[in-house]
Number of protein chains: 2
Amino acid sequence: MTRATTSLKTYNQDCSDCPIRHRAVCARCETDELERLEQIKYYRSFEAGQTVVWAGDNMDFVASVVTGIATLSQTMEDGRRQMVGLLLPSDFIGRPGRATSAYDVTAATDTVMCCFRKKPFEDMMLNTPHIGQRLLEMTLDELDAAREWMLLLGRKTAREKIASLLTIIARRDASLQLSVADGELSFDLPLTREAMSEYLGLTLETVSRQMSNLRKEGLIVTEGKRHITIPDFDRLLEETGDDSDGGFLM
Amino acid sequence: MTRATTSLKTYNQDCSDCPIRHRAVCARCETDELERLEQIKYYRSFEAGQTVVWAGDNMDFVASVVTGIATLSQTMEDGRRQMVGLLLPSDFIGRPGRATSAYDVTAATDTVMCCFRKKPFEDMMLNTPHIGQRLLEMTLDELDAAREWMLLLGRKTAREKIASLLTIIARRDASLQLSVADGELSFDLPLTREAMSEYLGLTLETVSRQMSNLRKEGLIVTEGKRHITIPDFDRLLEETGDDSDGGFLM
DNA sequence: CAAAATCCTTGACACAGATCAATCCTGATG
DNA sequence: CATCAGGATTGATCTGTGTCAAGGATTTTG
């Protein structure tokens with residue numbers, strides 16, 4: 001798997017890993033459309049913790065995450081923060097038709113994004129209906145994810161929230177998954193306790209305590225601060241409060 | 001203002017109130033496109049409390065709320081419920097490209113919906129790009145609303161949640177607004193305490209208590225169970241925890 | 001290698017909101 | 001007009017999570 005530390009040069013020479021082509025936007029593009037996308041595209045990389053744009057800032061591009069993880073967050077006047085989007089590789093950032101970002105966009109890990117200047121991208125959308133269609137599909141998926149997230153925030157206990165987050169990350173980012181064998185699954189958690197707490201609507205202390213509980217009960221095994229092994233994925237699933245037959249992410 | 005009790009006949013004879021034409025889908029449609037929409041459209045009405053579709057049920061139509069209020073909710077195995085969508089007149093229901101509903105759809109008040117059989121609607125979307133574009137816009141707006149809602153669920157206090165809900169309803173459904181004069185604003189709350197609690201991720205007792213508090217402090221005045229007057233809208237706004245210059249809904 | 005900086009863990013205690021339970025409206029029904 | 005039913009209110013108590021605070025582990029810096 002391509003690492004976040006791979007130089008940009010790699011991508012400029014051979015864009016075959018670029019998700020905007022292959023998964024996000026242009027799976028059905030013809031050669032000349034790819035050519036046009038190629039012309040308006042550029043890469044940016046960010047270090048873990050770096051802010052990509054602040055809420056309210058002008059945002060003259062749309063982008064797709066190539067490697068790493070980015071987050072969307074909202075902040076209240078008194079500093080309370082809530083994450084409202086978690087962007088994994090191939091996820092799309094930016095809203096055509098809006099000049100400024102409504103959220104803080106932050107790189108949670110070292111991140112590479114494939115950016116398109118907004119104006120030419122919007123022009124291209126007009127002439128290429130399936131890009132718009134693809135964008136609609138992606139937006140509907142994000143809306144479903146947001147609604148699942150609302151259930152988590154509104155009704156789940158701290159323990160259920162943690163279990164849910166772990167299963168969501170394990171399922172969504174296959175690239176994190178280092179090993180899978182008869183129900184065992186192992187990966188590096190790409191979020192700090194603080195980022196987890198912002199995702200879950202908890203304090204970082206509660207996150208830490210619940211992680212410890214899951215550890216003591218053998219539902220997860222930790223190695224260092226970030227590496228996590230889930231010995232029995234199904235057993236963890238039972239702690240999420242979700243229907244056993246899985247939701248939209250299955 | 002057209003009432004929820006207006007007979008369907010009114011609409012079949014003259015669809016000028018039908019929001020699917022005017023606001024939701026077809027603002028830019030030509031005559032022959034309107035003609036085609038007309039052919040695949042039908043109306044359904046529901047009484048307050050009635051379920052429109054259950055989560056997981058087959059849903060062979062998409063629709064637009066004409067009058068009344070509908071809700072989307074998720075239920076956990078043990079009965080915990082979280083509302084994830086509040087649909088006011090002109091709002092759109094149903095996801096093209098998905099056969100079943102992911103949520104319970106319920107009529108919160110007496111409701112009339114303008115429905116389109118899904119297959120012909122999807123066919124029409126393919127030939128009429130601006131319908132897809134409009135749908136993308138609407139979906140992006142819903143996503144923004146969902147994210148604002150996530151902040152509410154994850155980080156706001158019960159008091160802030162109530163104040164937020166009141167301002168959201170007051171702003172979103174102009175039809176509810178009976179009187180407006182120098183900051184005073186009056187409307188019929190279209191939700192029961194229970195529905196409010198499902199929206200806010202609270203129990204109905206907490207909703208009731210916080211409503212009482214706001215009443216005692218003069219932030220709201222109630223008349224009967226549902227009628228609410230907000231003597232000073234800006235003062236209530238200060239209780240929401242939101243930035244004073246308003247969010248996306250302004 | 002020491003010092004500093006992050007990030008994480010754990011404990012003690014407080015409190016907002018949940019739970020359980022009783023009562024009160026208000027409009028509908030006979 | 002009395003009764004009933006569904007919603008709303010209020011009270012007493014409990015509990016999960018937040019808050020405040022101390023300390024530990026790991027990585028970075030000089």
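Chain A is the first sequence line, chain B the second, and so forth, proteins listed ahead of strands; every chain is numbered from 1.
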Between B/Arg193 and B/Leu202, is there a side-chain heavy-atom distance shorter than 4.5 Å? no
May I have the distance from B/Asp78 (atom CG) to C/dA18 (atom C1'), rounded to whole angstrom? 14 Å
Considering only residues two or more places apart or on different chains, which pairs with a residue in residues 197-206 of chain A satisfy salt bridge (Lys or Arg N to Asp or Glu O under 4.0 Å)? A/Arg81-A/Glu198
Taking only residues at least two apart or on different chains, which pairs with a member in residues 63-74 of chain B satisfy salt bridge (Lys or Arg N to Asp or Glu O under 4.0 Å)? none
Run the side-chain contact (heavy atoms from CB on, under 4.5 Å) test against A/Glu238 and tell me which residues pass, sequence neighbours left out. none
Using five pairs at each end of the helix from C/dC1-D/dG30 to C/dG30-D/dC1 to define an axis, what is the angle between those two axes, to 10°? 30°
Identify, with sequence neighbours excluded, every residue that meets side-chain contact (heavy atoms from CB on, under 4.5 Å) alongside B/Thr139. A/Leu136, A/Thr139, A/Leu140, A/Leu143
Mark up nucleotides 5-18 of chain D, 5' to 3', with B wherever a protein heavy atom is under 4.0 angstrom from a base atom, S wherever such an atom reaches only the sugar-phosphate, and - elsewhere. -BBSBBBB----SS
side-chain contact (heavy atoms from CB on, under 4.5 Å) filter on A/Glu217, not counting sequence neighbours, yields A/Arg159, A/Asn213, A/Leu219
Counterpart residues, side-chain contact (heavy atoms from CB on, under 4.5 Å), relative to B/Thr71 (two or more places apart): B/Ser73, B/Met83, B/Leu86, B/Thr106, B/Ala108
When rounded to whole Å, the CD1 to C1' distance for the pair B/Ile162 and C/dA16 reads 14 Å
Just the rounded figure in Å: distance from P of C/dG17 to CE of B/Met196. 15 Å
From CG of A/Leu189 across to P of C/dC7 the rounded distance in Å is 14 Å
The criterion is side-chain hydrogen bond (donor to acceptor under 3.5 Å, both in side chains); which residues satisfy it with A/Arg226, sequence neighbours excluded? none
Whole-Å distance between C/dG17 C1' and A/Leu153 CG? 17 Å
